[in-house]
Amino acid sequence: MLKAREAVPSSRHGETPLYLGATAGMRLLNIENASASDAVFQAVEAALHSSPFSFRGARILSGQEEGAFGWVTVNYLDDRLTQGQETTGALDLGGASTQISFVSARFDGTESPDNLMNFRLYGNDYNLYTHSYLCYGKDQALRKMLALQTASGPTSLSDPCFHPGYIRTRDYSELYASPCVARSKPQASPRNFTLKGTGDFDSCRTAVKKIFDFSKCNFSRCSFNGVFQPELQGSFGAFSAYYFVLDFLNLTDTAAPMETIKDKLREYCATPWADMQRQHPSTKVKYLAEYCFSGTYILTLLTEGYNFTADTFKDITIIRKIKGSDAGWTLGYMLNLTNMVPAEAPDAPPLPHAGYVSVMVLTGLLLGVLLLFITYTLSKTQCSNPHKIV
Ligand SMILES: Nc1ncnc2c1ncn2[C@@H]1O[C@H](COP(=O)(O)OP(=O)(O)OP(=O)(O)O)[C@@H](O)[C@H]1O
């Protein structure tokens, strides 16, 4: 808010619209404890009402909206919508949910209407495929994996997704305090367990893969958990936690061979925890401890979950910003609420600007010549009939 006050001239504060959108973290809180979620909204709304901006409401976005607005942002910033070009798909990874959105020539919503978002933008129609996976953001995905590993209520857990030498005591009640895992809490578990890292990428992949269900699909094709997904098409931009994690791991080059990416992760996960802390003293410890899991999760989600292959992986660009603006759902949300992306292309002028200038100059010249001619004719008439005036 302080940044916004500085960025917007104070004379314009009152006319600047302010909206608040909440995503999967709040969706989960709403499921878990609706009155707590309401209380958060009341407090936030009170604070925003007292800001100098024109506050126009706070609400929780649906997963579909989150995915679709991320897609609008990426394609708006790339100027693909005004030009009616082939669009870029959007891959968003948050803490609580993850979204995939893209236009596919093979998807018109018939097979799975829930995944369809129709848009008419700048005179072009788009059938957007979008799906949001609640509980598959990187923080909730880690909970899901740990829940599977602690289903029998052990006091100690050797975990391949954490560095060798990493030790942390984890509280069972805290780990299972999320609707994503609450139902699988072991009946008779001790108060806590000791998590010990073993740093083994291949075993980590095996553990991560277990949080995806590939056993059922009632459609012609699925990603995971029985969710319909048409064949991937075109290029994709991956942002948010995809960027934070892959940038830290130096793995943003998606054109690198898949084996090279795996080798780098193998080496990274196997690095002793003490070395990691020494090499990255200013990195937040929670992030540092979880990059091995997060990197492995991202690779598994993209390849096994969404079906990117060794060949199509290079179609993904890992992005943070486009032309100086953050890639993410927020800009798309604002553009939508302020009607800044019109359904129809603005009327094209019949002539380009240079054409108008030429017509104006020619008309001016003609009028000038006409005026001169009239003046000349009049003065001649007056000279040849001097007596008629009297
Ligand atoms: N530098 C970083 N390194 C690693 N993780 C990061 C870094 N910065 C932020 N994160 C994490 O990345 C995740 C994505 O954050 P973001 O704010 O984009 O999504 P979110 O609001 O959690 O989304 P959603 O509610 O839809 O799941 C969060 O879990 C956040 O803690």
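Each ligand, and each atom within it, is numbered from 1 in the order the structure gives. Positions are given from 1, in the same order as the sequence printed here.
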With a 3.5 Å distance limit and no angle check, can you tell me whether [X] reaches the backbone of [Y] through a side-chain donor-acceptor pair?
X    : Y    : value
H131 : V227 : no
N336 : G332 : no
R27  : L61  : yes

List the closest protein heavy-atom neighbour of [atom]: residue, atom name, distance to the nearest 0.1 Å.
atom                    : result
atom 27 (O) of ligand 1 : A96 N, 2.7 Å
atom 24 (P) of ligand 1 : T23 OG1, 3.5 Å
atom 5 (N) of ligand 1  : K138 NZ, 3.3 Å
atom 20 (P) of ligand 1 : G95 N, 3.7 Å

Tell me whether [X] and [Y] have SG atoms closer together than 2.5 Å.
X    : Y    : result
C135 : C180 : yes
C222 : C217 : yes
C161 : C292 : no

Note to self: Please report whether ligand 1 has a polar contact with A24, defined as an N or O pair separated by less than 3.5 Å (distance criterion only).
What the structure shows: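 Yes.
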Checklist line | For G25, the ligand 1 atoms whose distance to one of its heavy atoms is below 4.0 Å | finding: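 Matching atoms, with element in brackets: 25 (O).
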Margin query: Using a 4.0 Å cutoff against the non-hydrogen atoms of D139, which atoms of ligand 1 qualify?
Written below: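 Close to D139: 29 (O).
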Notebook entry, point to check: Among Y287, W329, F244, F248, whose heavy atom sits nearest atom 12 (O) of ligand 1?
Noted result: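 The nearest heavy atom belongs to F244.
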Next item on the list: Pick whichever of Y133, F239, Y291 has a heavy atom sitting closest to atom 1 (N) of ligand 1.
Entry: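 The nearest heavy atom belongs to Y291.
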Notebook entry, point to check: What part of E66 sits under 4.0 Å from ligand 1 if we count only heavy atoms: the side chain, the backbone, both or neither?
Noted result: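 It is the side chain that gets close, since no backbone atom is under 4.0 Å.
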